[in-house]
Participant: 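Once you've had a glance at the structure underneath, I'll fire off some questions.
Labels below follow one simple rule: chain letters A, B, ... track the order of the sequence lines, proteins then strands, and each chain is numbered from 1.
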Number of protein chains: 2
Amino acid sequence: MREINDFKQVKSYLSAYQIESIFNEQILPHLSLYTFEQGEFICSQGQASQYLYVLVKGKIKVYTTSAEGRTLILSFKTPLEVIGDIEYVQDINIINTVEAVSSVQMIGVQYHWLRKYGRDHAPLLQFLLDIITQKFHLKTNSMSFNLLYPVEVRFASYLLSVSFNESDSLNKEQLRISIKDAANFIGTSYRHLNRVIGQFCTEGLIERNKGFILVKDREGLRALAGDNIYE
Amino acid sequence: MREINDFKQVKSYLSAYQIESIFNEQILPHLSLYTFEQGEFICSQGQASQYLYVLVKGKIKVYTTSAEGRTLILSFKTPLEVIGDIEYVQDINIINTVEAVSSVQMIGVQYHWLRKYGRDHAPLLQFLLDIITQKFHLKTNSMSFNLLYPVEVRFASYLLSVSFNESDSLNKEQLRISIKDAANFIGTSYRHLNRVIGQFCTEGLIERNKGFILVKDREGLRALAGDNIYE
DNA sequence: AACACTTCAGGACATATGTCCTTTCCAAGA
DNA sequence: TCTTGGAAAGGACATATGTCCTGAAGTGTT
């Protein structure tokens, strides 16, 4: 983590995401911009939490590790997103580990200042409400999805969702997905996911070349996934 | 659903749960008390939502039905709880079906009035934030729990959690649990749950007599469930 | 009591998924 | 160039879970 002393940058992010109003005059001076390198932890499960972060650039993953050491990825997130909100409101330790997937920039504020100056600031409260309800809704969906459908369907949905987002950038159909990550996200074992991938290849839905996955039949995947997409 | 015109009653509930402040003077006159009979629907997945309800008495269950008709119970809830909060904030249709498990009383307000008079009322916003973050936290837990552990463990946890709450009342250890409900809650099939129940009986953890389940070895269950309890 | 009807318990089998291992391959570093 | 470590792919097997079906037992109705 590196702190960047560039208040202009902070302001410009706030303005870009139209959230200037959520921090009032008293809080503004206590905002800082932080950079995290790829693979760096933004926060770790179980630790005490001190900062509310607003993700403004890059991509992060949120996951939990069970007592037995198994990992379950709860979500990948891109701006605009907030980390530490639940912990702030509930005043509890960090629930999930958050790790930078790419290089990441976040605006951070200490709870301290939020408690002091933000408790009754309606725009902030509304903003948090909005973000958290979104998260909740999304989680509700993925939870029922995970419990109701087999790995095959979940993976098809995952592929669609990921390829959609990624392909914004460059490589239209070629995806560099980490199969391990995918397995943890879907809540299955690496082995089994591999099996399903093999099956998809046989069926001509996808193709794989050394670590990459090429979506060949988007419609076929969609048919498999049904309407259910990790939104 | 039956509307009860008893403003005193409403006031007394608000006071009992120490939430008088969340509704301001303008909103108060628009609060009503509603009664739902056992088995009655409070709201149904996909419908347009109009009311924010505060559960003040009784027990409800929240569940979702997949396109294929499978049911997944997301939670059982007792006061103090709010229904329709996510929908209110996000302005979307009802996400999950909510059904009265016992006879139930709820305080209801139309979104209309909340939008008009409550948008900037910090105590209301704080209250919603608090409730929703709790829900979120709980859901996060149960989601990872469901994905990370086998039915055996989940059911043990379920039994502990349910027997704990129920036994507050009368029958110390005797539980009338609906096995179907339990199966849907855990996200498994009736058949399989039955199998696990049989196994638990063999191991002397529980005993069953015609539809009831008797917890015999709470410690054994706890050992199986580990620390993980549906909170 | 006799009947139809539902719920409950469980058998038999198929499928989904997990665990453990082995082999291959490729890339980073000595 | 030669290791060496780790990712990738998949074989073999065990286990967890789902589906379909059947028979027993309870419940209400006539």
Side-chain angles (χ1 to χ4, degrees), chain A residues 38-39 65-73 101 144-159 174-203 205-214 224-226, chain B residues 39 65-73 144-158 174-203 205-214 224-226 228:
Chain A
Q38 175 170 354
T65 306
S66 72
E68 293 76 11
R70 285 186 62 194
T71 293
L72 177 67
I73 297 186
V101 172
S144 16
F145 194 45
N146 278 326
L147 277 146
L148 252 19
Y149 298 92
V151 168
E152 198 183 321
V153 176
R154 286 182 263 156
F155 184 56
S157 166
Y158 178 79
L159 279 179
Q174 188 90 289
L175 295 177
R176 177 203 275 103
I177 72 159
S178 155
I179 297 185
K180 268 186 195 162
D181 273 5
N184 286 332
F185 183 70
I186 291 173
T188 188
S189 64
Y190 177 86
R191 176 66 189 92
H192 186 60
L193 182 53
N194 229 331
R195 202 155 16 210
V196 172
I197 290 178
Q199 178 190 327
F200 279 15
C201 286
T202 306
E203 294 166 0
L205 294 169
I206 61 178
E207 220 169 69
R208 69 174 147 197
N209 1 10
K210 39 186 171 170
F212 290 78
I213 284 192
L214 176 68
L224 238 179
Chain B
T65 306
S66 73
E68 291 77 12
R70 287 186 61 193
T71 294
L72 176 68
I73 297 185
S144 16
F145 194 45
N146 277 328
L147 278 152
L148 254 18
Y149 297 92
V151 168
E152 197 183 322
V153 175
R154 286 182 263 157
F155 184 56
S157 166
Y158 178 80
Q174 188 92 288
L175 296 176
R176 178 205 274 103
I177 71 160
S178 154
I179 299 186
K180 270 184 195 163
D181 272 5
N184 287 332
F185 183 70
I186 291 174
T188 189
S189 64
Y190 177 85
R191 176 64 190 93
H192 186 59
L193 183 55
N194 229 331
R195 199 151 23 206
V196 172
I197 290 176
Q199 177 189 328
F200 279 14
C201 287
T202 308
E203 293 166 1
L205 293 169
I206 62 178
E207 219 171 69
R208 69 174 147 198
N209 1 9
K210 40 186 170 167
F212 290 80
I213 284 193
L214 176 67
L224 238 179
N228 306 280

Participant: Whole angstroms only, please: what is the CD1-C1' distance between B:Ile179 and C:dT6?
Facilitator: 15 Å

Participant: Check whether any side-chain nitrogen or oxygen of A:Thr188 sits under 4.0 Å from OP1 or OP2 of C:dA16, and answer yes or no.
Facilitator: no

Participant: Figure out the CZ/C1' separation between A:Phe200 and D:dG10, and round it to whole Å.
Facilitator: 17 Å

Participant: Rounded to the nearest 0.5 Å, what separation is found between the OG atom of B:Ser189 and the CG atom of B:Leu193?
Facilitator: 8.0 Å

Participant: Which residue, A:Arg195 or A:Leu147, contacts DNA chain D at a nucleotide closer to its 5' end, judged by nearest heavy atom?
Facilitator: A:Arg195

Participant: C:dG18 P sits how many Å from A:Ile186 CD1, rounded?
Facilitator: 11 Å

Participant: Whole Å only: how far is the CD1 atom of B:Ile213 from the C1' atom of C:dA9?
Facilitator: 12 Å

Participant: Just to be sure I understand the rule, does B:Ser189 reach a base, reach only the sugar-phosphate, or reach nothing, if contact means heavy atoms closer than 4.0 Å?
Facilitator: base

Participant: Considering heavy-atom distances to DNA chain C, does B:Arg191 or B:Lys180 have its closest nucleotide positioned more toward the 5' end?
Facilitator: B:Lys180

Participant: What are the two closest non-hydrogen atoms of A:Tyr149 and A:Arg154, and how far apart are they?
Facilitator: O-NE, 2.9 Å

Participant: To the nearest Å, give me how far apart CD (B:Glu152) and P (D:dA16) are.
Facilitator: 7 Å

Participant: Please state whether the rings of A:Phe155 and A:Tyr158 are parallel, tilted or perpendicular, taking 30° and 60° as the class boundaries.
Facilitator: parallel

Participant: Can you check the B:His192 NE2 to D:dC21 C1' distance for me, whole Å?
Facilitator: 19 Å

Participant: In whole angstroms, how far is the P atom of D:dT17 from the CG atom of B:Asn194?
Facilitator: 14 Å

Participant: Looking only at heavy atoms, which two atoms of B:Cys201 and B:Glu207 are closest? And how far apart?
Facilitator: SG-CA, 4.2 Å

Participant: Nearest whole Å is fine: how far is D:dG11 P from A:Tyr190 OH?
Facilitator: 14 Å

